[in-house]
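Atom set for the values below is all heavy atoms of this structure, side chains included, hydrogens, waters and symmetry mates excluded.
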Amino acid sequence: MINKIARSVADALADVKDGSTVLIGGFGTAGIPIELIDGLIAQGAKDLTLVNNNAGNGETGLAALLMAGQVRKVICSFPRQADSQVFDGLYRSGKVELELVPQGNLAERIRAAGAGVGAFFSPTGYGTELAKNADGSPKETREINGKHYVLEMPIHGDVALIRAERGDRWGNLTYRMAARNFGPVMAMAAKKTIATVHEIVELGGLDPEAVVTPGIFVSQIVKIDRVATQSGGAKKAA
């Protein structure tokens, strides 16, 4: 019997290895799998490469993982925010590397990994510093129908940590509004995907037409309580 329900966050994260590339869902404060991030801090895997839309807020979530000294590199689109002081300090002191990727390219590079696309050409970043590799060498470019493009490589993950709304024991997932963001493409691009859900339903309890991430892309799900987010998008039970 297929049963992807993990007993706990700790059990789900037990085999994350040092040096892993970890794809973490979230957009601003929406859809951040905070319980999984806290679990990863407790698990202790280090020398991690994190892939996320930003580089953390305040001193919780991604910022807390950075503070724990477990991150070697961050791949993101928005590393600088009003409350990104943790990343700022680590980056300026040379303790964390940064790969800056335009948001559309970030999503497409992750999607390409899940779709089995070897590489793709994008017009975004052409003629800028973003058209260079980490070592400063230029990326391959090509002119197609009179327009210039930059060759972008897929971003594969060893682990994806995402936050969904509902799931079943096969791992099928639905999401809540903006919490959907990067979750679906990250689930496809990782060797192992762990998702938190607020509700686990019986098989058949999810409308097949509403399933966003099919269970074939999900390794384990963990049920968590609802808590208020910074933006107030989820309300605590009365």
Counting neighbours of [atom1] on [X] that are heavy atoms of other residues, nucleotides or ligands and sit closer than 6.0 Å, is the number greater than 12?
X: I216; atom1: CD1; answer: no
X: E202; atom1: CD; answer: no
X: D135; atom1: CG; answer: yes
X: F27; atom1: CZ; answer: no

Examine distances only and state if a side-chain atom of [X] and a backbone atom of [Y] form a donor-acceptor pair shorter than 3.5 Å.
X: N133; Y: G136; answer: no
X: N181; Y: G26; answer: yes
X: S20; Y: V22; answer: no
X: Q70; Y: D47; answer: no

Regarding [X] and [Y], does a basic nitrogen lie under 4.0 Å from an acidic carboxylate oxygen?
X: E199; Y: K223; result: no
X: D15; Y: K192; result: yes
X: R180; Y: E165; result: no
X: D158; Y: K17; result: no

Between [atom1] of [X] and [atom2] of [Y], what distance do you get to the nearest 0.5 Å?
X: K46; Y: L40; atom1: NZ; atom2: CG; value: 12.0 Å
X: I194; Y: R163; atom1: CD1; atom2: CZ; value: 15.5 Å
X: Y126; Y: K147; atom1: OH; atom2: NZ; value: 12.5 Å
X: Q103; Y: T124; atom1: CD; atom2: OG1; value: 11.0 Å
X: L66; Y: S84; atom1: CG; atom2: OG; value: 10.5 Å
X: D38; Y: L13; atom1: CG; atom2: CG; value: 10.5 Å

Would you check if [X] and [Y] make a side-chain contact, meaning some heavy-atom pair closer than 4.5 Å?
X: H156; Y: K191; answer: no
X: F182; Y: N53; answer: yes
X: E59; Y: V86; answer: yes
X: N54; Y: C76; answer: no
X: R166; Y: L206; answer: yes

Item checked: side-chain contact (heavy atoms from CB on, under 4.5 Å) evaluation trace for L50 with I24 -> CA-CA 7 Å; L50 299 188; I24 301 181; 4.0 Å; yes

Margin query: Test: side chain to side chain donor-acceptor pair (under 3.5 Å). Region: residues 206-217. Which pairs qualify, not counting sequence neighbours?
Written below: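 The answer is Y175-T213.
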
Next item on the list: Would you mind telling me which of T49, I155, N52, V159 makes a side chain to side chain contact (heavy atoms under 4.5 Å, CB included) with L23?
Entry: I155

Check the hydrophobic clustering (I, L, V, M, F, W, Y; side-chain heavy atoms under 4.5 Å; chains of links allowed) and say if [X] and [Y] are grouped together.
X: L106; Y: I162; value: yes
X: I37; Y: V71; value: yes
X: V96; Y: I75; value: no
X: V211; Y: V201; value: yes
X: V212; Y: V222; value: no

How close do [X] and [Y] get, heavy atom to heavy atom, and via which atoms?
X: E35; Y: I224; answer: OE1-CD1, 3.3 Å
X: T174; Y: A210; answer: CG2-O, 3.5 Å
X: A131; Y: G125; answer: CB-O, 3.5 Å
X: G39; Y: V9; answer: CA-CG1, 3.8 Å
X: D88; Y: P79; answer: OD1-O, 4.1 Å
X: S77; Y: P102; answer: OG-C, 3.5 Å

Next item on the list: Please step through side-chain contact (heavy atoms from CB on, under 4.5 Å) for the pair K139 and V150, ending with a clear verdict.
Entry: CA-CA 7 Å; K139 296 180 180 180; V150 180; 3.7 Å; yes

Item checked: side-chain contact (heavy atoms from CB on, under 4.5 Å) evaluation trace for T193 with M186 -> CA-CA 8 Å; T193 294; M186 287 183 169; over 6 Å; no

Notebook entry, point to check: Do F120 and M153 pass the side-chain contact (heavy atoms from CB on, under 4.5 Å) test, and can you show the C-alpha distance, the side-chain angles, and the key distance before you say yes or no?
Noted result: CA-CA 7 Å; F120 62 93; M153 306 303 291; over 6 Å; no

